[in-house]
Chemist: 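I have a structure I would like to understand better, so I am pasting it below and will then ask my questions one at a time.
Proteins get letters first, then strands, A, B, ... in listed order; numbering begins at 1 in each. Note that these values count all heavy atoms, side chains included, but never hydrogens, waters or copies made by symmetry.
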There are 2 protein chains.
Amino acid sequence: MPQARLQVPRISDAIASSLERRILEGSLKPGDRLPPERELAADLGVSRPSLREAIQKLASKGMVQSRQGGGTYVTDRLESTFFDPWRDMLGAHPNLREDLLEFRRMLEGQAAEWAAERATDADLERLEKAFAALGRAFAENDLDQRSACDIAFHQAVSEASHNALIGHLAAAMLRLMQDNIRLNLGELRAVPGAADVLQNQHQALFDAIREHRPAAARAAAQTHIDFVQETLAQSLRSVARRESAARRLGTDFSSTPTID
Amino acid sequence: MPQARLQVPRISDAIASSLERRILEGSLKPGDRLPPERELAADLGVSRPSLREAIQKLASKGMVQSRQGGGTYVTDRLESTFFDPWRDMLGAHPNLREDLLEFRRMLEGQAAEWAAERATDADLERLEKAFAALGRAFAENDLDQRSACDIAFHQAVSEASHNALIGHLAAAMLRLMQDNIRLNLGELRAVPGAADVLQNQHQALFDAIREHRPAAARAAAQTHIDFVQETLAQSLRSVARRESAARRLGTDFSSTPTID
DNA sequence: TCGGTAAATTGGTAAAACCAATGCCTCGTT
DNA sequence: AACGAGGCATTGGTTTTACCAATTTACCGA
């Protein structure tokens with residue numbers, strides 16, 4: 001008769017667990033492509049069938065998705081559980097944007113503080129790259145590029161906090177606000193000097209993390225968000241004036257308050 | 001870039017489906033032993049690795065269980081709550097609990113602070129009720145009742161923060177940790193005086209919110225969580241001793257650190 | 001410059017072989 | 001005859017190798 005005795009550890013379980021851990025820690029982000037099976041198997045020092053069994057296990061849990069000839073990709077199952085319900089609600093209830101902004105202020109402040117405490121050399125390297133890319137994007141003034149780099153930079157900060165929940169929540173939140181961030185950058189472009197101030201704030205945040213000054217990092221992150229919010233509010237007043245003028249001319253386009 | 005193309009049907013999926021169907025239909029009953037892999041593979045006209053991938057998939061869903069040299073058996077209990085991806089993550093990756101606890105400390109601290117700033121009379125009334133119910137539950141020493149009231153109280157605090165995201169996240173998080181909270185209360189019951197200290201902390205939190213003292217509220221909430229964490233860590237050491245003794249007697253059960 | 005074809009890449013499947021744990025079965029001992 | 005120890009067949013676990021099929025990429029010609 002079948003008895004529940006001590007089991008020999010299956011190597012496929014160990015592999016699956018290891019990959020899961022990488023996903024949780026953020027070194028494998030949703031949308032990322034896993035290395036080819038042959039290469040990954042060699043890296044892990046296991047055979048391809050064993051690796052495949054592990055991948056199948058993750059696939060059955062919905063954490064990865066494989067396409068023959070294409071590759072294996074990490075899905076966003078973990079992030080979607082928290083924030084998907086909010087996506088459509090944000091459109092319906094604009095007052096939620098305040099809550100979201102407030103929440104983001106807390107989340108990114110905490111992420112910055114922890115990042116300053118815990119950032120490794122690898123984290124700093126990633127931050128350095130993201131910051132450099134952000135600088136280039138600002139110089140080129142390409143809106144899509146700028147919003148993508150902006151998100152990537154803030155995401156890098158969140159990952160440097162070394163808290164899986166912060167990392168995933170920040171990723172989900174930033175994705176949720178992606179459209180708004182792009183719109184807001186467009187608005188802020190009209191504000192003289194805003195680009196330089198923004199980049200200075202990014203610089204301050206990056207420096208604080210690099211120099212491991214948690215309080216300064218938190219302050220920098222929150223100052224950044226406060227600035228965006230405040231400047232945007234001012235800018236929107238003039239937008240509202242332009243729109244009310246446009247409306248009188250028959251042009252109808254709805255402007256929703258946006259967030260970066 | 002990854003595209004959603006039409007997928008070729010994977011043979012391992014077909015096998016898993018077929019076996020699943022047999023189990024659900026009853027032709028493979030719980031406790032039954034599956035034919036040997038080699039034989040079953042030949043019967044189904046597939047290779048053994050493909051069959052193994054299918055079996056691993058079922059095993060990860062908890063429907064079958066394999067023992068090297070013994071065979072593969074249909075599990076007796078079929079249903080499990082595998083719907084929340086974070087839930088099984090928590091079971092599989094203990095270090096994630098640290099992250100969750102850390103995150104909870106931040107979230108509930110902020111919730112308490114904002115609640116102290118913004119609580120309305122209606123909020124205070126709800127808090128009053130929840131606090132009273134918590135006191136009664138502590139007096140009756142009913143574990144389920146206590147964990148339910150504990151959660152309800154913390155939930156009430158989060159809702160008094162008047163931030164929809166905080167409320168939603170706290171609810172999701174508390175639900176995620178519900179089982180742990182119940183277990184932890186059971187552990188803490190063995191610690192002399194813990195119940196009084198806990199209730200005093202709840203009282204301090206409630207008072208700070210009622211008297212609109214944000215900093216005190218945040219401190220009270222975080223002190224509460226720190227206390228639970230610390231006391232629990234101490235308590236778990238004795239649990240570990242008990243379990244290691246049990247293991248020597250052949251009882252095999254994994255002890256996972258729990259959180260309240 | 002565009003489009004299509006061929007080659008490289010990559011996941012999917014198969015076969016064979018060996019290892020390790022399990023369990024049955026036989027043989028030897030008492 | 002009963003019991004126990006050891007051996008052997010069974011069976012899941014892992015690896016290696018090979019080939020197939022879908023996709024992607026790069027190159028070349030129109």
Chemist: Any salt bridge between A/Glu53 and B/Arg48, counting N to O under 4.0 Å?
Modeler: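 Judged by the 4.0 Å cut-off on N to carboxylate O distance, A/Glu53 and B/Arg48 do not form a salt bridge.
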
Chemist: Only distances under 3.5 Å count here; give the side-chain donor-acceptor pairs of residues 123-134 of chain A to other protein atoms, sequence neighbours excluded, each with its distance to 0.1 Å.
Modeler:
| unit_1 | atom_1 | unit_2 | atom_2 | d |
| --- | --- | --- | --- | --- |
| A/Asp123 | OD1 | A/Arg126 | NH2 | 2.6 |
| A/Asp123 | OD2 | A/Thr120 | N | 3.0 |
| A/Asp123 | OD2 | A/Thr120 | OG1 | 3.1 |
| A/Asp123 | OD2 | A/His162 | NE2 | 2.5 |

Chemist: Compare the minimum distances between each of D/dT16, D/dA21, C/dA15 and the side chain of A/Ser47, then state the nucleotide with the smallest one.
Modeler: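 The nucleotide sitting nearest to the side chain is D/dT16.
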
Chemist: Check the phosphate of C/dG12 against B/Ser50, side-chain N and O only, distance under 4.0 Å to OP1 or OP2. Yes or no?
Modeler: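 So the side-chain polar atoms of B/Ser50 never come under 4.0 Å of the phosphate oxygens OP1 or OP2 of C/dG12.
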
Chemist: Between A/Arg48 and B/Gly71, who's closer to the 5' end of DNA chain D by nearest nucleotide?
Modeler: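 First, find each residue's nearest nucleotide; the 5'-ward one identifies B/Gly71.
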
Chemist: Return the nearest nucleotide to the side chain of B/Arg67; candidates are D/dG13, C/dG23, D/dT23.
Modeler: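 My answer, after comparing the listed nucleotides, is C/dG23.
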
Chemist: Is the shortest side-chain N/O distance from B/Arg38 to OP1 or OP2 of D/dT11 below 4.0 Å?
Modeler: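 The answer is no; no side-chain N or O of B/Arg38 sits under 4.0 Å from OP1 or OP2.
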
Chemist: Give a yes/no verdict on a cation-pi contact between A/Arg210 and A/Phe206, requiring under 6.0 Å between NZ or CZ and the six-membered ring centre and an angle within 45° of the axis.
Modeler: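 Geometry flag: set, cation within 6.0 Å and 45°.
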
Chemist: Mind calculating the distance between CD (A/Gln65) and P (D/dT23) to the nearest angstrom?
Modeler: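 These atoms are roughly 14 Å apart.
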
Chemist: To the nearest Å, how far apart are B/Arg33 CZ and C/dT22 P?
Modeler: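 In whole Å, C/dT22 P and B/Arg33 CZ are 13 Å from each other.
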
Chemist: Which whole-number value in Å describes the distance from B/Glu37 CD to D/dT11 P?
Modeler: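 B/Glu37 atom CD is separated from D/dT11 atom P by 11 Å.
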
Chemist: When the distance from CG of B/Asp13 to P of C/dT13 is rounded to whole Å, what number comes out?
Modeler: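 That distance rounds to 8 Å.
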
Chemist: Whole-Å distance between C/dT10 C1' and A/Ile55 CD1?
Modeler: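 Distance check: A/Ile55 CD1 to C/dT10 C1' gives 11 Å.
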
Chemist: For the pair made of CZ in B/Arg10 and C1' in C/dT10, what is the distance, rounded to whole Å?
Modeler: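 The answer, rounded to whole Å, is 14 Å.
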
Chemist: Say whether, by atom type as modelled, one donor and one acceptor occur between the side chain of A/Thr75 and the main chain of A/Gly62 under 3.5 angstrom.
Modeler: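 It does hold such a pair.
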
Chemist: Can you find a side chain N or O atom of A/Thr72 that sits less than 4.0 Å from OP1 or OP2 on C/dT10?
Modeler: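 False: A/Thr72 side-chain N/O out of range (4.0 Å or more) of C/dT10 OP1/OP2.
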
Chemist: Could you tell me whether a side-chain N or O of A/His224 sits under 3.5 Å from a main-chain N or O of A/Gln201, the two making a donor and an acceptor?
Modeler: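 No; zero donor-acceptor contacts below 3.5 Å.
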
Chemist: For B/Arg52 and D/dG13, is the shortest distance between a side-chain N/O and OP1 or OP2 below 4.0 Å?
Modeler: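 True: B/Arg52 side-chain N/O within range (under 4.0 Å) of D/dG13 OP1/OP2.
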
Chemist: In whole angstrom, give the distance that lies between atom CG of B/Leu51 and atom C1' of C/dA15.
Modeler: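 So the two atoms are 14 Å apart, to the nearest Å.
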
Chemist: Which nucleotide wins on minimum distance to the side chain of A/Gln68, given the candidates C/dG11, D/dG13, D/dT15?
Modeler: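 Selected nucleotide (nearest to the side chain): C/dG11.
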
Chemist: Map A/Gly70 and A/Ile11 onto DNA chain D by nearest heavy atom, then report which one ends up closer to the 5' terminus.
Modeler: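 Its nearest nucleotide being more 5', the pick is A/Ile11.
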
Chemist: When the distance from CD of A/Glu39 to C1' of C/dA8 is rounded to whole Å, what number comes out?
Modeler: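 About 15 Å, once rounded to whole Å.
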
